[in-house]
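Convention: sequence-line order gives letters A, B, ...; per-chain numbering from 1.
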Amino acid sequence: MKRKQQETITLLMTLLVLILVGLNSVYFFVRLDLTEQRAYTLADVSRRLAREMPESARITYFLSDRLRARAVETEQIADLLYEYAAQSRANIEVDVVDPAAAGLSAEVESLGVAPQQIQVIEQDQRSLATVYSGIVIEYLDRYHTLPVVIDPRIFEYELTSALRNLVHDRTPQLGFVLGRRDEELAREYQLTASRLSRRFGLRTLAAGEPVPPDIDAVFVIGGRDLSDADLSVIRDFIARGGRALFAVDGVIIDLETPNLAAVAAPRRPIDELLLQYGVRIRRKIVLDEFHRSIPVARPSGTMTVQSLEPYPPWVSVRNYNDTHPVSARFTGLDLYWPSPLDLDAEGEFEVLLESSASAWLMGEPFVTSPLQPAALQRDAAQTRGRYVLAAAVGGTQEAPARVVVVGDSDFLSNLLQYTGSGHNVDFAENLAAWLTLDDELLSLRTRAARDLRLSRIEDPVARRRVAGFAQLVNVYLIPLSVVLFGVARHLRRRSRTRGGTDQRSLTQ
Amino acid sequence: MKPVVIIARRELHSFFNSAVAYIAVTLFLGLTAVWFFAIYGFAARDFASLRGYFGLMPFLFIVLLPAITMRSWAEENKSGTAELLLTMPFSELQLVLGKFLGALVLVLIMLAFTLAVPLTVLPLARFEIGEIVGQYVGTVLLACAGLSLGQFVSSLSRNQISAFLISSLLLLLISVLHVVNAVSALPRVLALTVNHLSLLTHYESFARGLIDSRGVVHYALLTVAFLYLSARVLVIKKWS
């Protein structure tokens, strides 16, 4: 009896110790971040900002308990927030509050935190629940709201840049000069404008309007209707040390025509301006083996059948400069009917993007209809090669220019929604951060990003071969070799046992 | 330590002298590879990550680990060799650790074969090596927890099949415990506790290349607790 009691006490004590260790581990923990760019660890720029803020800040994470229990990412965001607080030496105070439980839903929404709907099943009933995962940062008498935070990989960039804007009381400003007079930023560049406006102040500049002094960088998109006088203000802005992106086509596509009729762009003042920086936009279209598909409507009897057709003029860029801050951690980019760039042999450039080596060019007469796939290959044999699609123009050491030229004016337009090319906006955000000279934040932004495509082998045939080999080895060869080894071992053991039995019978 | 190694070797030999090890290894490797390359469509997805591959492992483990551990004590109990083992000059803890180590080595051999997957797909893209390391660390720790649970259930049972079924059921429950939160609104503390206890919640961190001490401690505690309980069961059996 006494032994049984002792056993029970030992068992209970041991389990109690294990439970206490478990509880302790929840409150005192460390994390080892094995990712190459330390994507889940606070970067130096964030730590420094947290420590060196002149006044203290209060960060409130409005997180619904319902969402917290369902989305593990929200826990990681909360962990990162506590790490900010820990690194800030009491400069940052962090609170995690459930708006519904605290009765603050209306106030939270009035601060800009966006309500989200999720489907829940409770008491056998399927219903929609309103949840929140947004952050309000208060600093002095100012505040900034991150309406929705859900991705821990980009959270640090979002929070640090917002905190920095609050501390410095300034948001970097981007001016947009749209090449066509009938275009509107919020209408023709919906996704781009909405994403860039989270981090930058956006302003559309009328053609010829002098660039205001508080504008940090200018995005010139298209440029078809811009006169020499309109462009002179941009030229002056760059001469004063301003930075600019030029997204310009050499070939104009008429999206209103059913066959997407294309013509070479006439010589325009913007071409002259770019020539001054040593860049010539050729009147050709680059087509590539790596491309996106285009939705095509074909009449079939009385009906119209929609299908997705491979379309080489919509180039999926895979060759990028991994040493330049803009493209170092490239996530992808799709260009629509891009034109190749010729770079002045005497100028200083950094090529940012190139086509694959299996790209080709199309010159006049242009055939761009997706219904004529054979015609798209017309000049492939003669023009096969690699072409420059985007470049950064270097300046002098005294006056480092920051001008980027991309041979396509559509890559930021609503076309990107047709191809699901959200990475185009990532690239635009990288460009904007670099052009506004925010190298530290750019490194923060790009460290979590990486090219997630299987893009190391350029040749599609070789790529398929390697993927096929991997499948062959892992699906067939390895399991088969285990079976063969097992059978061989079994046979060997059986023959040994038989041998033993025979020997025994001989000795008998 | 030597007795533990002796028992582990005996256990490993018994695995490889029967068809169990070969069937388990072949099925494991075949299913994970077919899933990743044919069903999940790794090449067609054009996505440089092995998360799809490792995402299946916890679910396969629900069946695989109990299949490995089901006979560890149930068979000995049934055939009466357990009593013989208990009279040998090994402590109960050494016996339990030896059997656990034998099963763990079998799982490590399986995982060693899976290294062919990252090695053969590496030329295709710039994979995050840290993420792959995290995935292997998480998988090994998850296997430790599952094996120790399986061994505990086996120590209580005289029937392999019931040991397998009960272990699978328990492993399924603690793997996907967090799903409770998706179908009911628990109070906050309870919801967080449920999330913490779920094996898959922690596995998620490892799969991203983040070694979180909370996950490591949780898996380690489960392993230690079930191994300890297995040893206590043997002690009780010895004295009863």
Side-chain angles (χ1 to χ4, degrees), chain A residues 3-4 7 10-11 14-15 18-19 21-22 24-26 28-36 39-40 65-66 68-70 72 75-76 98 101 120-123 450-457 463-464 466-471 473-475 477-480 482-483 485-487 489-490 493, chain B residues 16-17 19 21-22 25-26 29-30 33-34 36-38 42-43 46-49 113-114 116-117 120-121 123-126 128-131 133-134 178 181-186 188 191-192 194-196 201 204-205 208-214 217-218 221 224-225 228-229 232 235-236 239:
Chain A
R3 183 174 179 87
K4 201 173 174 185
E7 280 294 327
T10 315
L11 182 73
T14 311
L15 291 180
L18 292 177
I19 290 169
V21 171
N24 211 34
S25 76
V26 176
F28 303 100
F29 60 90
V30 286
R31 299 187 310 165
L32 178 62
D33 185 353
L34 298 179
T35 56
E36 199 184 328
Y40 305 103
D65 283 347
R66 273 179 163 162
R68 189 174 194 171
R70 284 171 174 80
V72 69
E75 278 302 321
Q76 289 151 12
D98 176 6
V120 291
I121 304 165
E122 282 168 10
Q123 292 163 351
R450 65 190 170 96
D451 186 3
L452 287 169
R453 297 168 305 169
L454 306 178
S455 55
R456 205 176 224 178
I457 300 175
R463 195 162 67 106
R464 270 197 297 275
V466 172
F469 175 72
Q471 186 162 348
V473 168
N474 293 291
V475 176
L477 293 185
I478 292 184
L480 197 67
V482 173
V483 172
F485 177 75
V487 171
R489 193 162 184 271
H490 174 70
R493 284 189 69 227
Chain B
F16 282 100
N17 286 343
Y22 300 102
V25 174
T26 309
L29 295 172
V34 167
F36 186 57
F37 289 102
F42 163 71
D46 198 14
F47 183 59
S49 169
F113 278 114
T114 67
V117 174
T120 50
V121 299
L124 289 168
R126 285 170 58 176
E128 182 76 79
I129 302 298
E131 195 177 283
V133 172
H178 62 283
N181 283 323
V183 292
S184 61
L186 297 174
R188 185 176 171 180
L192 294 179
V194 161
N195 262 354
H196 180 74
T201 317
E204 188 64 29
S205 288
R208 287 185 297 110
L210 195 60
I211 310 277
D212 191 320
S213 65
R214 287 169 290 190
V217 171
H218 183 56
L221 281 182
V224 171
Y228 176 73
L229 286 174
R232 297 330 294 170
V235 170
I236 291 165
W239 292 105

Shortest non-hydrogen separation from V466(A) to T120(B) and the atoms involved: CG1-O, 4.0 Å
Option that, when pairs with chain A are counted at under 4.5 Å, heavy atom only, ranks first among P123(B), A38(B), S205(B), A225(B): P123(B)
Rounded distance [0.5 Å steps], CD1 in I236(B) versus CG in L11(A): 7.0 Å
side-chain contact (heavy atoms from CB on, under 4.5 Å), paired with L34(A), selected from I129(B), I211(B), L210(B): I211(B)
Check: V475(A) and F36(B) side chains under 4.5 Å, non-hydrogen atoms: no
Proximal component of D65(A), with respect to chain B [non-hydrogen, under 4.5 Å]: side chain
Largest heavy-atom contact set with chain A, pairs under 4.5 Å, which of A33(B), S213(B), A21(B), G30(B): S213(B)
Heavy-atom proximity to chain A below 4.5 Å, by part of H196(B): side chain
Part of R489(A) lying under 4.5 Å from any heavy atom of chain B: side chain
Top contributor to chain B contacts, counting heavy-atom pairs under 4.5 Å, from I19(A), V21(A), V487(A), D98(A): V21(A)
Closest approach of V482(A) to Y22(B) (non-hydrogen atoms, all atoms of both residues): O-CD2, 3.9 Å
R31(A) side chain near D212(B) side chain, heavy-atom distance below 4.5 Å: yes
Expected output: side-chain E128(B) to main-chain E36(A) donor-acceptor under 3.5 Å: yes
Minimum side-chain heavy-atom gap R68(A)-L192(B) below 4.5 Å: yes
Chain B contacts, top residue of V30(A), I457(A), L477(A), L480(A) (heavy-atom pairs, under 4.5 Å): V30(A)
Minimal non-hydrogen separation, T26(B) against P479(A), with atom names: CG2-O, 3.9 Å
Backbone of N17(B) reached by a side-chain donor or acceptor of R493(A) within 3.5 Å: yes
Any F28(A) side-chain heavy atom under 4.5 Å of V217(B) side chain: no
Under 4.5 Å from any heavy atom of chain B - which part of F469(A): side chain
Spacing of L454(A) atom CG and F42(B) atom CZ [to the nearest 0.5 Å]: 4.5 Å
Selection from N24(A), V483(A), T14(A) maximising heavy-atom pairs under 4.5 Å formed with chain B: T14(A)
Contact class of Y228(B) relative to chain A, heavy atoms under 4.5 angstrom: side chain
Side chain, backbone, both or neither of V473(A) within contact of chain B (heavy atoms, under 4.5 Å): side chain
Which of V133(B), L29(B), V117(B) touches chain A most, by non-hydrogen pairs under 4.5 Å: V117(B)
